[in-house]
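Since the structure comes first, as structure tokens, the remarks are kept for the end.
Numbers here are sequence positions counted from 1.
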Amino acid sequence: MKNNLYQCKRIYLFTTSALLVFSMIGCQETEVKDEGLPLPVMTLHEEKAAKSFEYLGSIEGVENVGIRPQVDGILEKIYVDEGDYVEKGQPLFRINSQPYQEDLKNAMANVKVEQAKLKKAQTEIDRIQPLIDNEVISEVRMETAKADYEVAQSSLDRAQAEAANMRINLEFTTINAPVSGFIGRIPKSIGNLIKITDEEPLTTLSNVEDVYVYFSMSESDYLYYERMKGDSTSKKMNNEVDLVLSDGLEYERSGMIDANSGQIDKSTGSINLRAKFENPDTLLRSGSTGKIIMEQIYPNALLVPQGATTSIQDKRFVFKFQEEDSTVVRKEIQIEGRTGKNYIVSAETLNPNDRIVVSGINKLTNGVKVNPMQPGQLVLDNNATTSSMQ
């Protein structure tokens, strides 16, 4: 009986102690401090960035010459093929020269006739001069003879000019390359009649050792470009431009804007500009297209990930972390441009060393408490994190 009573006391004491322990644990759990939502927070720093502007452009050789005939005739010979590279002065086409050879012969014959007339006029002057000296005839005859001589001289000059013109026409029957470059499409074939008045050239010859890329920008962009290219502050426009080709790859050499059309097109509200690129490998050809990339340099920019922002109507906001009470406040920002996946933010709205929440912002409102994490950490539960993801 005593043993039973002793065992009952032990059970009572054990049960009481267990209840006390569980009660204490329960109290401790209710007293766990609320550390807030575990969300990644980043600190803003000034860093170098560039804002890009893109414009569609067309590529042409620095010398892009349409080859046209300067005389009419039958195309007799084509010395080159499409895509050939030719040197300056190299023959390209030949027009049937026989009609022009005959014209030259006729012109030279006329020259000889006029030379004979001039000689005859000179002979007449030589004949009457002694008669005048001996007062056999009056000096009026000499004036007439001299006038006949001048007429003969003028006729000879005209005949010689006509012969020179025929000689030039004969030379024009062979069409030579005015510059070095690549031959374009040749729409005519041997036997076709070609004329000076033809709308389409015989071919186009492009010198592409250097190329021009022509592009246009809006009036507002042009005004911004003109202001910024001479800016000595942190927003200077880069003098060099890049070219992205139609296959999406960037051309290996940078170019320079060297000219503009000088006036705004009233119908489109845009202005045309020209950039020059070196092309020693002749990769770029006339007629190709690409995109001109212009950059504005920010040596001390504040960058905010696009995913760290939220929009309300036409305004952008971030959630700024406040160290004093570990809460966040929604703050409007002014965006000056984009670079990659980041916004370039005006220094008037955020400052270096400000801290912002970079993800999970759909869970936040003003005053929500946040437990700041390093960006890239993985949340296991509401109160714990692990080390950075690998």
Side-chain angles (χ1 to χ4, degrees), residues 55-97 99-100 104 164-216 241 243 245-246 251-263 265 270-292:
Y55 303 97
L56 292 176
S58 60
I59 301 171
E60 292 185 13
V62 291
E63 294 176 306
N64 207 44
V65 184
I67 306 299
R68 296 180 178 276
Q70 292 178 277
V71 292
D72 299 341
I74 302 298
L75 185 58
E76 191 175 67
K77 185 71 176 177
I78 300 176
Y79 296 102
V80 294
D81 200 359
E82 296 174 354
D84 287 351
Y85 180 82
V86 298
E87 298 288 347
K88 181 179 180 180
Q90 181 176 333
L92 306 178
F93 305 96
R94 189 178 73 202
I95 299 170
N96 184 8
S97 62
Y100 298 99
L104 179 58
N165 187 53
M166 292 300 103
R167 189 175 290 107
I168 291 172
N169 286 343
L170 180 60
E171 293 175 355
F172 281 159
T173 58
T174 298
I175 301 174
N176 299 316
V179 296
S180 300
F182 289 92
I183 295 293
R185 179 174 173 268
I186 302 175
K188 298 286 187 179
S189 58
I190 293 174
N192 287 157
L193 174 65
I194 59 176
K195 295 184 176 182
I196 300 174
T197 55
D198 288 343
E199 293 184 3
E200 190 174 23
L202 289 173
T203 189
T204 301
L205 185 57
S206 297
N207 178 0
V208 293
E209 292 181 359
D210 294 320
V211 298
Y212 290 133
V213 181
Y214 293 90
F215 63 101
S216 62
V241 295
L243 176 64
L245 304 179
S246 57
Y251 184 57
E252 60 184 6
R253 291 176 172 82
S254 297
M256 298 285 291
I257 296 176
D258 66 346
N260 63 66
S261 61
Q263 57 185 3
D265 187 330
S270 62
I271 186 170
N272 294 321
L273 290 91
R274 186 183 74 187
K276 186 176 182 180
F277 290 81
E278 294 181 353
N279 188 33
D281 301 327
T282 67
L283 175 65
L284 307 178
R285 297 295 181 92
S286 293
S288 300
T289 59
K291 287 191 297 185
I292 287 290

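- For the pairing with L104, the side chain to side chain contact (heavy atoms under 4.5 Å, CB included) check across N165, L170, N169 returns one residue only, L170.
- Ion pairing of R274 with E60 is absent here, as no side-chain N (NZ or NE/NH1/NH2) approaches a carboxylate O to less than 4.0 Å.
- A donor-acceptor contact shorter than 3.5 Å links the side chain of R68 to the backbone of E199.
- For the pair V241 and F277, the tightest heavy-atom approach, listed with the atom from each and the gap, is O-CE2, 3.8 Å.
- Heavy-atom minimum distance, E87 versus A177: O-CB, 3.5 Å.
- Closest approach of I59 and V211 over heavy atoms only: CG2-CB, 4.0 Å.
- One finds the NZ atom of K276 at 14.5 Å from the CD1 atom of I257 (value rounded to the nearest 0.5 Å).
- Within the 4.5 Å cutoff, side-chain heavy atoms of F93 are placed close to those of I78.
- E63 CD to D210 CG: the interatomic distance, rounded to the nearest 0.5 Å, is 9.5 Å.
- Counting only heavy atoms from C-beta outward, the side chains of P69 and L202 approach each other to under 4.5 Å.
- Heavy-atom minimum distance, P91 versus T174: CB-CG2, 4.4 Å.
- Remark: S216 OG to I271 CD1 distance equals 10.0 Å, nearest 0.5 Å.
- Put simply, CD1 on I175 and CD on Q70 are 8.0 Å apart, with the number rounded to the nearest 0.5 Å.
- Using a 3.5 Å distance cut-off with no hydrogens or angles, the side chains of S206 and N64 do pair a donor with an acceptor.
- By the 4.5 Å heavy-atom criterion applied to side chains, N272 and Y214 are not counted as neighbours.
- A heavy-atom distance below 4.5 Å is not found between the side chains of L243 and F215.
- The two residues S97 and T173 have their closest heavy-atom pair at CB-OG1, 3.6 Å.
- Nearest heavy-atom pair, R253 versus E278, reported as atom, atom and distance to 0.1 Å: CD-O, 3.8 Å.
- With N279 contributing its side chain and L284 its backbone, the two residues share a donor-acceptor pair below 3.5 Å.
- Between L56 and K291 the shortest side-chain heavy-atom distance falls below 4.5 Å.
- Between I74 and L193 there is a side-chain heavy-atom pair separated by less than 4.5 Å.
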Check the pair I196, D72 against side-chain contact (heavy atoms from CB on, under 4.5 Å), reporting the backbone distance first and the verdict last. CA-CA 6 Å; I196 300 174; D72 299 341; 3.4 Å; yes

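- Atom CD of residue E209 and atom OG1 of residue T282 lie 9.5 Å apart, to the nearest 0.5 angstrom.
- In this structure the side chain of E252 reaches within 4.5 angstrom of the side chain of D281, judged on heavy atoms.
- Here the straight-line distance linking atom OG1 of T203 with atom CZ of F182 works out to 13.0 Å at 0.5 Å rounding.
- Sparse packing is recorded around CD of Q263, with 12 or fewer heavy atoms of other residues, nucleotides or ligands lying under 6.0 Å away.
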